[in-house]
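It should be emphasised that the depicted structure is a prediction, and the values quoted were computed from it without experimental measurement. Each chain gets a letter, A, B and so on, in the order the sequences are listed, and its residues count up from 1.
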Amino acid sequence: MAAMLQLSPLVSATPSFIAPTNQNEPKAIAKDTSPTGSLRNCKTINQVKQLHCHITKTGFSHTPSNVTKLISACAEMGTFESLDYARKAFNLFLEEEETKGVLFMYNSLIRGYSSAGLCDEAIGLYVQMVLQGVLPDKFTFPFALSACSKIVAFCEGVQLHGSLVKTGLEEDVFIGNSLIHFYAECGHLDYAQKVFDEMLERNIVSWTSLICGYGRRNMPKQAVSLFFEMVAAGVKPNSVTMVCVISACAKLKDVALSERVCAYIGESGLKTNMLMVNSLVDMYMKCGATDAAKWLFDECVDKNLVLYNTILSNYVRQGLASEAVSVVGEMLQQGLRPDKVTMLAAISACAQLSDSLSGKCCHGYVLRNGLEGWDTICNAMIDMYMKCGEQEMACIIFDNMSNKTVVSWNSLISGFIRSGDVKSAWEIFNEMPKSDLVSWNTMIGALVQESKFEEAIELFREMQTEGIKGDRVTMVEVASACGYLGALDLAKWTHAYIEKSEIKCDTRLGTALVDMFAKCGDPQSAMKVFNTMAGRDVSAWTAAIRAMAMEGNGKRALELFDDMLKQGVKPDEVVFVAVLTACSHVGLLEQGRNIFMSMQLVHGISPHIVHYGCMVDLLGRAGLLEEAVDLIKCMPMEPNDVIWGTLLAACRTHKNVEMATYAAEQISKLTTQRTGIHVLLSNIYASAGKWADVAKVRLQLKERGIQKVPGSSSIEVNGVIHEFTSGGDTDTHTERSHIALMLQEINSRLRDAGYIPDLDNVLVDVDEKEKEYLLSRHSEKVAIAFGLIGTGQGVPIRVVKNLRMCSDCHSFAKLVSRIYDREIIVRDNNRFHFFSQGLCSCSDYW
DNA sequence: CTAGGGTTAG
């Protein structure tokens, strides 16, 4: 403390710390008759210095009253320089004088430091004053507490609370309000509420502080109900209260509730000020009432920078980048200077539009205005350059950052993943000093994107051992991985994990869970999740409809679609794909036709080529190949390889080689072709025994370097996923001899029951014996055999196959389900087959 | 003396 007091040497006439004054400063002294009194009129620190110098020369005495005036003038300015000047004058005074009158100086300085954000200084000064034996008063505590609130200095604030209880000041309403604010800012709403409850006297600030506290701690419901409680208690809100409660409404995204709250603006006769307009615009934007927000915004005559920034950030958040760009234009026209918040939004808009030219303009503006010191700005630029495909530029910014945050690293990682450079992403992920939840989520998401589902789950486990808990985003990725794997036990575990960890299941996660259970062949669980979901949007309904479609329950899928329409959910393109797929899976021909017609006529949605594909599939599967071709011919767009491929698949089902050849000819005219189509065509020729044509197609495949995707089936046994590839990969499996024996046993029991292998399904030209052998090694058969070994009686066998199941395997599974009295569920690449007692849920229509 | 607006990555 002594050292602190000796910071400045004792000076008599002119204080040594007075900097040379700027003679061009407006003269505050000019009309002055009482020199010390005019200190408070000073607008700049140089005026103060000049005046101070002047009155020191003319016999200024360092009386408590004079020094207090000097200090409060400086503290009021709140600049580092003015505070420094005040502090030095104060220290000087402390050395000359006793403690008389020093309390006011402490109060002014603590307030100055606190409002300038120099909170540590403010708290330090409070400590100094107590050590010096100066008793804080009812003004000291609010200043000191506000400093503690700003830097979330919980322990210090609690000590202050303790001391003020001793001084008996806790009944003061200002102090109570400061305590509420302090505890709320520290996240202890329980303590804030307790202070509020125990207050003997409350005013509007008490209510507002608590409402604001709840709102900011993401408890907007409590904030709004406290507001209604306040109104019911007869307390009138003021504009600050309204700003707080409106921002809570924005978080709830509830327009109706917001309107109820806003009714009090009129009722209280409150004049709307700039801050209120701003919070209203923000609220309407966040509630999705963009038109209302824009109307208010346009009505406002003297828009300020913050209002522009509000609408701008919201446009960017909603992905309306071009709207944002036009707002920036308007703003520049009004002569407003973009600040760092504006630039943040502008840079994000450039990122969304992949507009590196405008992005570079923003970059230039940032450099010219010295905004590159803000890490958020640099992070946004990294993201922008990455999204514009300029990795080098992003890396330069990253390398030049002196204060890299975890967001900087994460922006680089996600940028590399987006550009397909997963290797670099991994390097950064492993290299970064501190990874957070977002980093892990990004990497897990990348693995899911790469179809490395087991690795994704593995990384999720690793993340937990690192002590990082998953959130909604993590679980959406994990659920999606489970779905692709078709691993029901893992899926159940994931669902339980979400419930146990109290992860809030929002619409997105709920939808992911419905999809997961559907893909794992558990439509009951899928529907259970769906039925408990709160805000079901069109994608949630789509997931449920798809679940029913995959199960082959076309009727229920259509019922769900009807329910959705009845509940007023607007259908989109995607849901029609699910509904039409459901129709084609069970051959609901008329319903499918009607729904397809209703798309344009009732819902105003023009069918996309995908929807035509669904119709071709529906007609083709039903054997109406001619009608399918007619539909293709009158499509408003050029048919692509998928359309012809769908027709080709139908030709295979109905063994129409002639039309298959026609479809194949059409495909060969197209420049873009998928692998699957060639394989399909060669399979059709193979089934028909046209081995010369098969060879031709195979040669084409080889020439283009296209490889046939090998059939592969997986099955989860005791939490481990076993994968079998068609054509003898069982050799690598540890249970290979068991599986081979089991397959032999199954085949002989099936043969006794009258099973004859359908050799049409073997697509290579070999002798009968060899065909039979190859057929018996289809991956789903191997997986079923392994399932029979590895699981107990009564446990359903669940197999996931990457390709469409062949008809021989289908008959095989039906028979096994009867002879071994087991439920078998096979998910192929687009639907499920539930085998039980010799029958399949698809009634052999698939 | 106490309460209030806009902020990047998954």
**Study point:** CZ/A:Phe104: more than 12 non-hydrogen atoms of other groups inside 6.0 Å
**Key:** no
Practice item. Using atom CG of A:Leu371 as one end and atom C1' of B:dT7 as the other, report the distance to the nearest whole Å. Key: 13 Å
Practice item. Using whole Å, report how far CD of A:Glu372 lies from C1' of B:dT8. Key: 16 Å
Practice item. Please determine if a side-chain N or O atom of A:Arg216 lies less than 4.0 Å away from the OP1 or OP2 oxygen of B:dG5. Key: yes
**Study point:** Set of residues satisfying side chain to side chain contact (heavy atoms under 4.5 Å, CB included) with respect to A:Ser480, sequence neighbours excluded
**Key:** A:Val448, A:Tyr484
Exercise for review: May I have the distance from A:Met401 (atom CE) to B:dA9 (atom P), rounded to whole angstrom?
Suggested key: 14 Å
Practice item. Report which part of the nucleic acid A:Arg202 touches: base, sugar-phosphate, or nothing (heavy-atom distance under 4.0 Å, all strands). Key: nothing
**Study point:** Euclidean distance, atom CG of residue A:Leu164 to atom C1' of B:dC1 [Å, nearest integer]
**Key:** 14 Å
Review point. Which is true for A:Ser239 with a 4.0 Å heavy-atom rule: it touches a base, it touches only sugar-phosphate, or it touches nothing?
Key: base
Revision key, fill the gap. Side-chain contact check for A:Val341: nearest option of B:dT7, B:dT2, B:dG5 is B:dT7
Exercise for review: Have a look at A:Leu437 and say if it touches a base, only the backbone sugar-phosphate, or nothing, with a 4.0 Å heavy-atom cut-off.
Suggested key: base
Review point. To the side chain of A:Lys138, which of B:dA3, B:dG6, B:dC1 is closest?
Key: B:dC1
Practice item. Tell me whether A:Phe174 is stacked on the nucleobase of B:dC1, counting only the six-membered base ring and applying the 5.5 Å and 30° thresholds. Key: yes
Review point. A:Thr376 has a side chain; which of B:dT7, B:dC1, B:dA9 sits nearest to it?
Key: B:dT7
Exercise for review: Rounded off to whole Å, could you give me the CD1-to-C1' distance for the A:Ile347 and B:dT8 pair?
Suggested key: 9 Å
Check your understanding: A:Ser209 has a side chain; which of B:dG4, B:dT7, B:dA3 sits nearest to it?
Key -> B:dA3
Check your understanding: Near DNA chain B, under 4.0 Å by heavy atom, which residues of residues 414-428 of chain A?
Key -> A:Ser414, A:Arg418
**Study point:** Whole-Å gap separating P (B:dT8) and CG (A:Asp375)
**Key:** 12 Å
Review point. Can you name the residues that form a side chain to side chain donor-acceptor pair (under 3.5 Å) with A:Asn238, not counting sequence neighbours?
Key: A:Thr241
Practice item. Step through it carefully: locate the ring centre of A:Phe227, locate the ring centre of A:Trp207, and say whether they are under 6.0 Å apart. Key: no
Revision key, fill the gap. Separation of B:dA9 atom C1' from A:Met443 atom CE, nearest Å, is 14 Å
Study note, to complete from the structure: Among the nucleotides B:dG5, B:dT7, B:dA9, whichever has the atom closest to the side chain of A:Ser411 is B:dA9
Point to revise | Rounded distance (nearest 0.5 Å) linking atom CE of A:Met283 with atom CG of A:Leu252 | key: 11.0 Å
Exercise for review: Taking only the side-chain heavy atoms of A:Asn304 (C-beta and beyond), determine which of B:dG5, B:dC1, B:dT7 contains the nearest atom.
Suggested key: B:dG5
Review point. Between B:dC1, B:dG4, B:dT2, which nucleotide has the shortest distance from any of its atoms to the side chain of A:Asn203?
Key: B:dT2
Review point. Does B:dT2 have OP1 or OP2 sitting under 4.0 Å from an N or O in the side chain of A:His181?
Key: no
Check your understanding: What do the steps show when you test A:Glu458 against A:Lys452 for salt bridge (charged side-chain N to carboxylate O under 4.0 Å, His left out), and what is the final call?
Key -> CA-CA 10 Å; A:Glu458 188 46 48; A:Lys452 294 181 176 171; over 6 Å; no
Review point. How is A:Thr208 classified with respect to the nucleic acid when contacts are heavy atoms under 4.0 Å: base, sugar-phosphate, or nothing?
Key: base
Review point. What's the CG-C1' distance between A:Leu344 and B:dA9, to the nearest Å?
Key: 12 Å
Check your understanding: Nearest to the side chain of A:Pro142 - B:dT8, B:dC1, B:dG5?
Key -> B:dC1
Point to revise | Closest listed nucleotide, where the reference is the side chain of A:Asn278 and the choices are B:dG6, B:dG4, B:dG5 | key: B:dG5
Practice item. Supply the atom-to-atom distance A:Asn314 CG to A:Asn309 CG, rounded to the nearest 0.5 angstrom. Key: 11.0 Å
Check your understanding: Which part of the nucleic acid, if any, lies within contact of A:Asp471, taking any heavy atom under 4.0 Å across all strands shown: a base, the sugar-phosphate backbone alone, or nothing?
Key -> base
Exercise for review: With heavy atoms under 4.0 Å as the rule, sort A:Asp172 into base, sugar-phosphate or nothing.
Suggested key: nothing
Study note, to complete from the structure: Of the candidates B:dA9, B:dT7, B:dG5, the side chain of A:Met274 sits closest to B:dG5
Practice item. Give a yes or no on whether A:Trp374 atom CH2 has more than 12 heavy-atom contacts from other residues, nucleotides or ligands under 6.0 Å away. Key: no
Exercise for review: Check every strand shown and say whether A:Ser178 touches a base, only sugar-phosphate, or nothing at a heavy-atom separation below 4.0 Å.
Suggested key: sugar-phosphate
Review point. Is the backbone N or O of A:Asn278 less than 3.5 Å from a side-chain atom of A:Asp282, with the two atoms forming a donor-acceptor pair by type?
Key: no
Check your understanding: What does A:Asp436 touch in the nucleic acid at a heavy-atom separation under 4.0 angstrom: a base, only the sugar-phosphate, or nothing?
Key -> base
Check your understanding: Is the base of B:dG6 touched by the side chain of A:Asp339 through a donor-acceptor pair closer than 3.5 angstrom?
Key -> yes
